[in-house]
Amino acid sequence: MTYADRSAEFRALHRAGHPLLLPNAWDHASAAALAHSGFAAIGTTSLGVASAAGKADATGDTREETLRLARGLARLPALITVDIEGGFGERPADVAKLAADLAGAGVVGVNIEDGRPDGTLTDTTTQCDLIRAIKETVPDLFVNARTDTYWLNAGEAGETERRAAAYQQAGADGLFVPALQDEETIAALTTTFDLPLNILYALGRLTYNDLTDLGVRRVSTGSLLFRASLHAAVTTAQGVTRGDTLPEGLPSYAEAAALSDGYDQGTGAGA
């Protein structure tokens, strides 16, 4: 299957009535476990990748870790999309080069956000330049344009729509609005724009079925699985000290080791 075929397959997963449930991995083993459990597409979580490297999230400091991980993940039996934070660079040419490297490894999508480490939103023109540079360099790469109008701010529907319109004009393939849970605003975005809307799943808030009914086409888990794994590790260790009965169905040593068998993490899969 060619890169264009795989990209088309990924796009086709974004459909009304049955949105893509995108689990987000943070290392090779977590992605491999998800792929072998049957998920057709897997994303990465910047918090998980940064934390695994002992670094802070959303500071633009994990370019090499992200690229190294992506090269391995792209060899798994799943379609891979990668969180590149703000692009790991300010110059459009540098961000486009990263996108080309990812596509060359076999990655079919990226998330690029307009939030910045100081808690502000980058100006729309600058963000559009980055999106446009990526699409001009790798036309088949699915660019999920993330706007942090709700993640960093109290949430402003008007500003979200303004940015969505600009990003769509710049060539983005999808719109991601993390922290947005207002049903009226979600429904308006799904009907106003041609871009598939991506919403971050939030515990205790809108369910997958709720988001399906609102017309959302992609639901991401973000850092949820990574955070759940930390909780499971701690509670399991505490359970051992208490003599608790541990959960059944844990993978054996051999099963865990087999997750990396047959996948060369040092070289790209090629486009």
Side-chain angles (χ1 to χ4, degrees), residues 10-11 13-53 57-58 62 65-66 69-70 72-74 76-85 107-113 115 142-148 150-152 173-183 186 189-190 195-235 247 249 251 259:
F10 182 64
R11 291 172 191 279
L13 293 174
H14 298 72
R15 57 187 184 273
H18 188 68
L20 169 63
L21 191 286
L22 186 75
N24 296 84
W26 59 95
D27 62 7
H28 185 87
S30 58
L34 291 165
H36 287 291
S37 70
F39 285 96
I42 298 166
T44 63
T45 163
S46 64
L47 173 63
V49 173
S51 296
D57 183 27
T62 57
E65 289 86 352
T66 299
L69 176 61
L73 300 192
L76 293 170
L79 301 167
I80 303 297
T81 181
V82 173
D83 185 343
I84 60 171
E85 297 185 7
V107 170
V108 296
V110 294
N111 276 1
I112 184 165
E113 63 199 45
F142 189 104
V143 176
N144 203 35
R146 167 175 159 172
T147 182
D148 286 340
Y150 281 79
W151 188 258
L152 297 179
D173 302 283
L175 176 67
F176 184 24
V177 192
L180 172 58
Q181 291 287 300
D182 178 72
E183 295 183 44
I186 291 173
L189 290 173
T190 61
L195 298 180
L197 180 62
N198 182 186
I199 294 295
L200 182 68
Y201 176 78
L203 284 171
R205 302 295 297 278
L206 297 175
T207 67
Y208 176 85
N209 287 337
D210 292 334
L211 295 170
T212 298
D213 292 341
L214 291 169
V216 171
R217 298 193 189 182
R218 174 160 145 185
V219 180
S220 301
T221 62
S223 65
L224 174 62
L225 304 185
F226 170 66
R227 292 182 284 114
S229 74
L230 297 181
H231 177 72
V234 172
T235 55
L259 291 174

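Residues: numbered from 1 along the sequence shown.
Classified by interplanar angle (parallel below 30°, tilted 30° to 60°, perpendicular above 60°), the ring pair His14/Phe142 is parallel.
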Throw together a table of side-chain donor-acceptor distances under 3.5 angstrom for residues 222-231, partners on residues two or more places apart or in other chains.
unit_1	atom_1	unit_2	atom_2	d
Ser223	OG	Arg227	NE	2.9
Ser229	OG	Phe226	O	2.6

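Among the candidates Ile84, Thr66, Asp173, the single residue satisfying the side chain to side chain contact (heavy atoms under 4.5 Å, CB included) test with Val110 is Ile84.
Annotation for Ala29 and Leu259: closest pair O-CD1, 3.7 Å, computed over non-hydrogen atoms. Taking all atoms of both residues into account, the shortest heavy-atom contact from Leu34 to Pro23 is CD1-CB, 3.9 Å. When all heavy atoms are compared, the tightest approach of Asp148 to Glu113 is OD2-CB, 4.1 Å. Across all their heavy atoms, Ala35 and Ala78 have their closest contact at CB-CB, 4.0 Å.
Residue pairs satisfying the side-chain hydrogen bond (donor to acceptor under 3.5 Å, both in side chains) criterion with at least one member in residues 38-51, sequence neighbours excluded, are listed as follows: Ser46-Asp57, Ser46-Asp83.
Side-chain contact, Thr212 with Asn209: no donor N or O sits under 3.5 Å from an acceptor N or O. A side-chain donor from one of Asn198 and Ser220 sits under 3.5 Å from a side-chain acceptor of the other.
You'll find the side chain of Arg218 reaches within 4.5 Å of the side chain of Thr81, heavy atoms only. Two residues are said to be in side-chain contact when any heavy atoms from C-beta on lie closer than 4.5 Å; Ile199 and Leu206 fail this criterion. Looking at heavy atoms from C-beta onward, Phe176 lies in side-chain contact with Leu200 at the 4.5 angstrom threshold. Between Leu76 and His28, the closest side-chain pair of non-hydrogen atoms falls below 4.5 Å. Counting only heavy atoms from C-beta outward, the side chains of Thr190 and Leu214 never approach each other to under 4.5 Å. Side-chain contact check for Thr62 versus Glu85: some heavy-atom pair is nearer than 4.5 Å. Tyr201 places none of its side-chain heavy atoms less than 4.5 Å from the side chain of Leu21.
For the atom pair CD (Glu65) and CG (Asp27), the distance works out to 13.0 Å, reported to the nearest 0.5 Å. Of the inter-residue distances, the one linking Leu13 atom CG with Arg217 atom CZ reads 12.5 Å to the nearest 0.5 angstrom.
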Derivation of the side chain to side chain contact (heavy atoms under 4.5 Å, CB included) call for Ile42 and Leu73: CA-CA 9 Å; Ile42 298 166; Leu73 300 192; 5.7 Å; no
